[in-house]
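Since the structure comes first, as structure tokens, the remarks are kept for the end.
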Amino acid sequence: MNKKIAHIIVFFIFSLPIIVIFNTQQIIDAAENKDFEQALKTAPKGLHWDNASFSIADFKQAAINRYGKAPSPDDSLNLTNNAKIFDVDPTDPESTSVIEMTNAGHQTGAVWSNMNNENYFDISKDQTASM
């Protein structure tokens, strides 16, 4: 075995434990997010939306439109949209709005802009959005 191959093997032997130690992932289960109320209280000042600004996607109606028939009862669970729009302070009509896409594991949420009410991004102009 030549010296170059030996150096490569030694490098990988010593690198592997370091890669394993520092290769961590933080997975947070949505069902464990118990501080949603705290998140609402500390949400930064932002946009206020009324329900006419967005459309909560109707997965069941979309399935009917696509397949021409109502989904089977077995598929109904998969067609539930868990998205909701909240006001940070429900007593303030100009309060910041928050969109909650899901609140537990194994859920789906979708919200669409309502273009009829001019709620959209004009991609011909510079804009910034964050989540």
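Counting from 1, the numbers follow the sequence of the chain as shown. As the structure is a prediction and not an experimental result, all values here were calculated from the model.
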Euclidean distance, [Y] [atom2] relative to [X] [atom1], rounded to 0.5 Å:
{"X": "Asp89", "Y": "Glu94", "atom1": "CG", "atom2": "CD", "result": "11.5 Å"}
{"X": "Ser97", "Y": "Asp87", "atom1": "OG", "atom2": "CG", "result": "4.5 Å"}
{"X": "Met101", "Y": "Asn82", "atom1": "CE", "atom2": "CG", "result": "10.0 Å"}
{"X": "Ile85", "Y": "Glu100", "atom1": "CD1", "atom2": "CD", "result": "11.5 Å"}

- What pair of heavy atoms forms the shortest contact from Ala57 to Asn81, and how long is it? O-ND2, 2.8 Å
- Item | Nearest heavy atoms of Ser95 and Val88, plus distance in Å | OG-N, 3.3 Å
- Phe54 side chain near Val111 side chain, heavy-atom distance below 4.5 Å: yes
Pairing residues for [X] by the side chain to side chain donor-acceptor pair (under 3.5 Å) criterion, not counting sequence neighbours:
{"X": "Ser53", "answer": "Asp50"}
{"X": "Asn65", "answer": "Gln61"}
{"X": "Asp58", "answer": "none"}
{"X": "Ser124", "answer": "Asp122"}

- Message: Among residues at least two apart in sequence or on other chains, which ones pass salt bridge (Lys or Arg N to Asp or Glu O under 4.0 Å) with Lys45?
- Response: none
- Task: Carefully, step by step, assess Lys84 and Val98 under the rule side-chain contact (heavy atoms from CB on, under 4.5 Å).
- Result: CA-CA 8 Å; Lys84 297 179 183 107; Val98 174; over 6 Å; no
- Quick one: ring pair (Phe, Tyr, Trp, His ring centres under 6.0 Å) partners of Phe59, sequence neighbours excluded? none
- Hydrophobic cluster identity match, Ile99 and Trp112, side-chain contacts under 4.5 Å: no
